[in-house]
Trainee: 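Here it is: the structure, laid out below.
Quick note: numbers below take in every heavy atom, side chains included, and nothing from hydrogens, waters or symmetry partners.
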Amino acid sequence: MGVKNRDRRPMRSGPGGSSSGLTRPGSRGGKDTAKGLTGKGRDERPRAAEKRQPRAEAEAPSTKVASEPARALIVRTGERPAERVPLILESPGAGDFHLIDSGEGLKLEQYGPYRIVRPEAQALWPKALPAHVWERADAIFTGDTDEDGMGRWRFPREMLGETWPLSLLGIDFLGRFTSFRHVGVFPEQIAHWTWMKQQVEQAGRPLKVLNLFGYTGVASLVAASAGAEVTHVDASKKAIGWARENQALSRLDRAPIRWICEDAMKFIQREERRGSRYDIILTDPPKFGRGPNGEVWQLFDHLPLMLDICRELLSPKAVGLVLTAYSIRASFYSIHELMRETMRGKRGIVESGELVIREAGLDGKTPGRALSTSLFSRWVPK
């Protein structure tokens with residue numbers, strides 16, 4: 001369960017005590033901050049690094065500084081993996097979601113029965129649909145347009161409840177109007193979730209999936225429903241509670257899911273010491289975040305170590321390591337080259353680019369323009 005001008009989640013922290021489990025404000029957990037060039041905006045995440053908070057509203061930051069020393073980066077040798085760039089992964093409408101229209105710094109989306117308007121800095125073009133279509137929106141987010149900024153929802157037609165039922169890829173969950181513009185899911189991730197679902201179903205064995213900065217648990221539930229054993233990490237208690245509600249709604253109460261409320265960096269360092277291994281690792285960290293004990297996460301400072309540890313957590317027959325980045329002023333080549341350096345000597349291929357969502361019109365079937373939502377880099381064994 002990024003975007004940064006994408007609506008998104010609360011924050012997480014970094015090495016040696018990062019908020020990798022934070023929730024983000026306004027964003028997959030609070031992600032709606034403008035990115036720059038190939039960057040983007042977005043919504044959602046676990047508390048350690050989530051400032052994207054509206055994945056679970058973030059708690060007051062602490063001044064406490066994590067004292068645990070950060071583990072040193074391992075010096076990697078060997079050939080870098082092959083590469084496939086640029087790769088554009090398009091997330092089409094699915095289940096109860098589709099992008100209706102976008103333009104003039106806004107996006108018009110369909111989430112189940114509701115038509116929603118939210119800020120979208122990447123939408124530089126004119127709106128394609130007439131004004132009367134936009135004016136019939138059920139909910140409009142107003143306020144700070146920064147990814148991590150707070151605001152409020154306006155309901156032009158009638159007051160709506162805080163939550164409502166949604167479904168994506170066979171998973172039932174709750175949509176929620178949060179103060180950070182997020183609604184509990186980052187649909188641009190549908191492309192990654194569909195890929196993961198296929199890998200799990202075709203593996204012929206139970207795969208172990210680690211979902212870092214898991215937010216409201218939609219990705220974890222997609223993996224579990226396909227047959228995976230899932231470990232979901234998020235530093236926000238509210239996000240974990242929301243994820244458990246979604247688990248019950250999806251009738252997956254008995255699915256093998258571990259819900260871990262903890263700073264993501266602390267968790268993966270402990271897993272490395274324990275010798276734990278995973279077949280698929282998903283990580284969707286925020287640009288900035290704070291953990292429950294004051295841990296601080298800075299994407300550019302802490303991402304190299306986080307990926308380095310994730311590599312050590314991959315099983316001998318690993319299927320993939322997926323990184324998504326929102327609201328950062330960087331090219332996808334930045335995280336692409338970092339991923340290739342991290343995976344030196346591991347063979348396989350690193351494919352990187354952008355996640356986009358294509359407009360589908362009022363009927364959900366009329367292709368329009370592609371809206372960039374985030375950057376990604378994915379290592380796969382072949």
Trainee: Does a side-chain heavy-atom distance below 4.5 Å link Leu307 with Met339?
Mentor: yes
Trainee: Can you tell me if Glu354 and Ser374 form a side-chain donor-acceptor pair at under 3.5 Å?
Mentor: no
Trainee: Side-chain donor-acceptor pair under 3.5 Å between Trp125 and Glu104, yes or no?
Mentor: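 The criterion, which ignores hydrogens and geometry beyond distance, is not satisfied for Glu104 and Trp125.
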Trainee: Relative to the ring of Phe155, is the ring of Trp153 parallel (under 30°), tilted (30 to 60°) or perpendicular (over 60°)?
Mentor: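 Rings of Trp153 and Phe155: parallel, as their planes differ by under 30°.
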Trainee: Does Phe300 share a hydrophobic cluster with Phe332, counting links as ILVMFWY side-chain heavy atoms below 4.5 Å and allowing steps through other members?
Mentor: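 Same cluster.
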Trainee: Do Arg205 and Lys317 have side-chain heavy atoms sitting under 4.5 Å apart?
Mentor: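 Side-chain contact under 4.5 Å: yes.
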Trainee: Output the distance between atom OG1 (Thr342) and atom CD1 (Ile335), rounded to the nearest 0.5 Å.
Mentor: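 So the gap between those two atoms works out to 11.0 Å.
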Trainee: Between Asp279 and Ser315, is there a side-chain donor-acceptor contact under 3.5 Å, judged purely by atom types and distance?
Mentor: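 There is such a pair between these side chains.
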Trainee: Got a second to check how far Ile190's CD1 is from Glu90's CD, nearest 0.5 Å?
Mentor: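 Nearest 0.5 Å value for the CD1-CD distance: 11.0 Å.
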Trainee: Any side-chain donor-acceptor pair under 3.5 Å between Asn211 and Ser220?
Mentor: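 Asn211 vs Ser220: donor-acceptor pair found between side chains.
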Trainee: Take Val209 and Glu229 through the test side-chain contact (heavy atoms from CB on, under 4.5 Å) and record every step on the way to the result.
Mentor: CA-CA 6 Å; Val209 173; Glu229 298 175 8; over 6 Å; no
Trainee: Could you tell me whether the side chain of Phe177 reaches within less than 4.5 Å of the side chain of Glu162, counting heavy atoms only?
Mentor: no
Trainee: CZ of Arg270: more than 12 outside heavy atoms within 6.0 angstrom?
Mentor: yes
Trainee: Any chance you could lay out the side-chain contact (heavy atoms from CB on, under 4.5 Å) test for Val322 and Ile281, step after step, and finish with the verdict?
Mentor: CA-CA 6 Å; Val322 181; Ile281 299 178; over 6 Å; no
Trainee: So, Arg277 side chain and Glu312 main chain: donor-acceptor pair closer than 3.5 Å or not?
Mentor: yes
Trainee: Taking the side chain as every heavy atom from C-beta outward, state whether Arg311 and Met343 have any pair of such atoms under 4.5 Å apart.
Mentor: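 Heavy-atom side-chain distance check passes, below 4.5 Å.
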Trainee: Going hydrophobic residue to hydrophobic residue with side-chain gaps under 4.5 angstrom, can you get from Phe141 over to Met159?
Mentor: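 Yes, one cluster joins them.
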Trainee: To the nearest 0.5 Å, tell me how far Thr283 OG1 sits from Leu210 CG.
Mentor: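 These two atoms lie 8.0 Å from each other.
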Trainee: Among Arg76, Arg80, Lys346, find the one that has a salt bridge (Lys or Arg N to Asp or Glu O under 4.0 Å) with Glu341.
Mentor: Arg80
Trainee: Hey, any chance Leu314 and Leu303 share a hydrophobic cluster, counting ILVMFWY side chains that come within less than 4.5 Å of each other, even indirectly?
Mentor: yes
Trainee: Going by the salt bridge (Lys or Arg N to Asp or Glu O under 4.0 Å) test, name the single residue among Arg369, Arg358, Lys107, Lys127 that passes it with Asp101.
Mentor: Arg369
Trainee: Find out whether Trp134 and Leu129 are in side-chain contact, i.e. whether some heavy atom of one side chain is under 4.5 Å from a heavy atom of the other.
Mentor: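 Trp134 vs Leu129: side chains touch.
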Trainee: Search all heavy atoms of Ala219 against all heavy atoms of Leu282 and return the closest pair with its distance.
Mentor: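 Smallest heavy-atom distance, with atoms named: CB-CD1, 4.2 Å.
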Trainee: Applying salt bridge (charged side-chain N to carboxylate O under 4.0 Å, His left out) to Arg347 and Glu79, what does each step give before you reach the verdict?
Mentor: CA-CA 7 Å; Arg347 298 179 182 278; Glu79 294 294 321; over 6 Å; no
Trainee: Quick one: are Pro165 and Asp172 in side-chain contact, heavy atoms under 4.5 Å?
Mentor: no
Trainee: Is it true that His98 and Glu109 share a donor-acceptor pair across their side chains at a distance under 3.5 Å?
Mentor: no
Trainee: Do Tyr114 and Ile100 land in one hydrophobic cluster if side-chain heavy atoms of ILVMFWY residues count as linked below 4.5 Å?
Mentor: no
Trainee: Apply the test side-chain contact (heavy atoms from CB on, under 4.5 Å) to residues Val200 and Val222: give CA-CA distance (whole Å), side-chain angles for both, the deciding distance (0.1 Å), then the verdict.
Mentor: CA-CA 10 Å; Val200 173; Val222 169; over 6 Å; no
Trainee: Using the ring of each side chain (for Trp, its six-membered ring), is Trp164 parallel, tilted or perpendicular to Tyr111, with breaks at 30° and 60°?
Mentor: perpendicular
Trainee: Per the salt bridge (Lys or Arg N to Asp or Glu O under 4.0 Å) rule, what does the pair list look like for residues 372-381, sequence neighbours excluded?
Mentor: Glu351-Arg378
Trainee: Could you check if a side-chain atom of His232 sits within less than 4.5 angstrom of a side-chain atom of Ile260, using non-hydrogen atoms only?
Mentor: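 No, their side chains stay 4.5 Å or more apart.
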Trainee: Other than Ile88, what residues sit in its cluster of Ile, Leu, Val, Met, Phe, Trp and Tyr side chains whose heavy atoms are under 4.5 Å apart, directly or through others?
Mentor: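 Val356, listed by chain and number.
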Trainee: Under a 4.0 Å threshold between the charged nitrogen and the carboxylate oxygen, would Glu271 count as salt-bridged to Arg258?
Mentor: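 A salt bridge is present here (some side-chain N lies under 4.0 Å from a carboxylate O).
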Trainee: How many angstroms lie between atom CD1 of Ile140 and atom CZ of Arg118, to the nearest 0.5 angstrom?
Mentor: 13.0 Å
Trainee: Does anything in residues 357-382 form a ring-ring contact (aromatic ring centres under 6.0 Å, His included)? List the pairs, not counting sequence neighbours.
Mentor: His192-Phe376
Trainee: I'd like to know if the side chain of Arg340 and the backbone of Pro81 have a donor-acceptor N/O pair within less than 3.5 Å.
Mentor: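 Yes, because the side chain of Arg340 sits within donor-acceptor range (under 3.5 Å) of the backbone of Pro81.
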Trainee: Would Leu108 and Leu371 show up in the same hydrophobic cluster when neighbours are defined by side-chain heavy atoms closer than 4.5 Å?
Mentor: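 No, separate clusters.
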Trainee: So do Gln199 and Trp195 actually touch side chain to side chain, heavy atoms under 4.5 Å?
Mentor: yes
Trainee: Does CZ belonging to Arg157 count more than 12 external heavy atoms closer than 6.0 Å?
Mentor: yes
Trainee: Go through the steps to decide whether Ile268 and Met306 satisfy the test side-chain contact (heavy atoms from CB on, under 4.5 Å), and finish with yes or no.
Mentor: CA-CA 8 Å; Ile268 61 175; Met306 187 196 75; 3.9 Å; yes
Trainee: Name the residue from Thr216, Asp96, Leu166, Thr163 that meets the side-chain contact (heavy atoms from CB on, under 4.5 Å) definition with Phe173.
Mentor: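 Single pass found, and it is Leu166.
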Trainee: Salt bridge between Lys197 and Glu201, side-chain N to carboxylate O under 4.0 Å?
Mentor: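 Yes, charged N to carboxylate O under 4.0 Å.
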